Amino acid sequence: MLRYLLPAVALCTAVSTAHARDFGLERFADIVSQTYPGYSVFAPFIEAPSNDPLHFQSGYLGSVWRATREKGRTQGGTYSHGDMGFYCNPNQAVMPTPRNTLRVQDWRYKTEITLTGEFTVSGARPEDTIFKLSAIDAKYIKDVTVDIKNAVKYAAPFDVLMNWSNEALARCPSFSRVLTSAIAGDVTVKIYFVAGVSATLQFDIASKVKANLGFNVTPVQVGTPDKPAMVLTEGNQIFAVTAMPAPLR
């Protein structure tokens with residue numbers, strides 16, 4: 001059965017991002033690759049499957065996806081699946097027992113954009129984004145921090161992954177990527193705004209980040225008038241994966 005990734009429809013809330021660079025995700029891909037060699041960011045994030053006897057949830061190892069991969073700034077990469085939003089699960093797959101792994105602790109991204117909305121990255125174009133925000137919104141953000149607690153890794157033997165993915169490919173032969181390993185954790189994103197940004201605009205921008213990252217939580221204001229900030233926390237999120245071309249060989 002074909003599965004649809006529901007949070008994906010919100011990925012393009014600000015602008016059409018086809019072929020655009022995302023400077024925030026590029027930098028996040030770098031730190032993910034440093035912390036978990038061989039892994040790439042998976043965006044939007046998705047909740048790791050649990051209590052799902054009918055296999056409707058996304059994120060099972062051996063599932064096949066329509067996903068494109070963009071390079072990180074210096075290493076790693078990002079699998080973007082939201083603009084296509086399709087996956088196909090193996091009927092008999094189960095999530096392996098997770099194993100504890102390293103965490104990402106208070107990683108900080110200083111936005112590469114001026115107060116007038118001009119990206120400062122060499123070769124930037126007007127259609128580029130920061131965490132899928134257009135320059136219109138991103139210019140109000142000073143910094144973004146990402147903190148991931150309780151990180152765990154899901155992995156399975158290659159022959160098992162091959163059997164699962166081949167069964168899924170029999171029903172979805174046009175899908176190009178097999179999810180072969182995943183890292184999940186409790187993700188907290190804190191958005192620091194430039195001084196003077198109204199509470200309404202803060203909430204609006206934080207809500208777009210929430211949708212772009214696949215979160216369901218309501219943004220919470222935590223800053224002060226001089227240092228405005230909002231925070232998003234979502235548990236058990238798959239944020240990094242390894243994926244291989246289908247079929248596995």
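All values derive from a computational prediction rather than experimental measurement.
Side-chain heavy atoms closer than 4.5 Å link hydrophobic residues (I, L, V, M, F, W, Y) into clusters, and following such links, even through other members, never connects V220 to I148. I141 and Y192 fall into different hydrophobic clusters, where Ile, Leu, Val, Met, Phe, Trp and Tyr are joined by side-chain heavy atoms under 4.5 Å apart, directly or via other members. Both Y60 and L248 belong to a single network of hydrophobic side chains, linked directly or stepwise wherever heavy atoms of I, L, V, M, F, W or Y lie under 4.5 Å apart. Note on F203: it clusters hydrophobically with V217, by side-chain heavy-atom contacts below 4.5 Å among ILVMFWY residues. Both V194 and L133 are members of a single hydrophobic cluster when ILVMFWY side chains are connected at heavy-atom separations under 4.5 Å.
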Please lay out, stage by stage, how Q237 and D186 fare under the test side-chain hydrogen bond (donor to acceptor under 3.5 Å, both in side chains).
CA-CA 6 Å; Q237 295 293 297; D186 301 332; over 6 Å; no
List the steps, then state whether side-chain hydrogen bond (donor to acceptor under 3.5 Å, both in side chains) holds for Y39 with S181.
CA-CA 9 Å; Y39 282 78; S181 181; 2.5 Å; yes
Would S174 and R66 satisfy side-chain hydrogen bond (donor to acceptor under 3.5 Å, both in side chains), going step by step from the backbone distance to the final call?
CA-CA 8 Å; S174 65; R66 289 178 177 168; 2.8 Å; yes
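Taking OG from S165 and CG from L179, the interatomic distance works out to 10.5 Å, rounded to the nearest 0.5 Å. Annotation: the span from T74 atom OG1 to D30 atom CG amounts to 3.5 Å, rounded to 0.5 Å. Taken to the nearest 0.5 Å, the CZ atom of R108 stands 11.0 Å off from the OG1 atom of T111. Atom OG1 of T242 and atom NZ of K153 lie 9.0 Å apart (nearest 0.5 Å). In this structure, CG in L25 is found 14.5 Å from OH in Y79, a value given to the nearest 0.5 Å. Rounded to the nearest 0.5 Å, atoms CD (Q75) and CD (E26) are 12.5 Å apart.
A donor and an acceptor atom, one from each side chain of T114 and T116, are located under 3.5 Å apart. A donor atom on one side chain and an acceptor atom on the other are not found under 3.5 Å apart for S80 and R69. A donor atom on one side chain and an acceptor atom on the other are not found under 3.5 Å apart for Q92 and E167. For T101 and Y36, the side-chain atoms include no donor-acceptor pair closer than 3.5 Å. In this model, no donor atom of one side chain and acceptor atom of the other lie less than 3.5 Å apart for T145 and D106. Side chains of T129 and D22: a donor-acceptor N/O pair is present below 3.5 angstrom, by distance only.
D52 places a side-chain N or O within 3.5 Å of a backbone atom of Q57 that can act as its donor or acceptor partner.
With a 4.5 Å cut-off on side-chain heavy atoms, K142 and F193 do not count as touching.
Aromatic ring centroids of H81 and Y87 lie 6.0 Å or more apart. For F119 and F23, the gap between ring centers is short of 6.0 Å. No close placement of the W65 and F86 rings is indicated, their centers lying 6.0 Å or farther apart.
When the shell of 6.0 Å around CD1 of I136 is examined, it contains 12 or fewer heavy atoms from other residues, nucleotides or ligands.
No cation-pi contact links R27 to Y109, judged by a cut-off of 6.0 Å to the six-membered ring centre and 45° from its axis.
The aromatic rings of W107 and F131 lie perpendicular to each other, with more than 60° between the two planes, well past the 30° mark.
A salt bridge does not link K190 to D147: none of the charged side-chain nitrogens sits closer than 4.0 Å to a carboxylate oxygen. Using a cut-off of 4.0 Å between Lys/Arg side-chain N and Asp/Glu carboxylate O, E70 and R21 are scored as not salt-bridged.
Contact between G62 and A168 at its shortest, heavy atoms only, is O-CB, 4.2 Å.
Residues forming a side chain to side chain donor-acceptor pair (under 3.5 Å) with Y154 (at least two apart in sequence, or on another chain): none.
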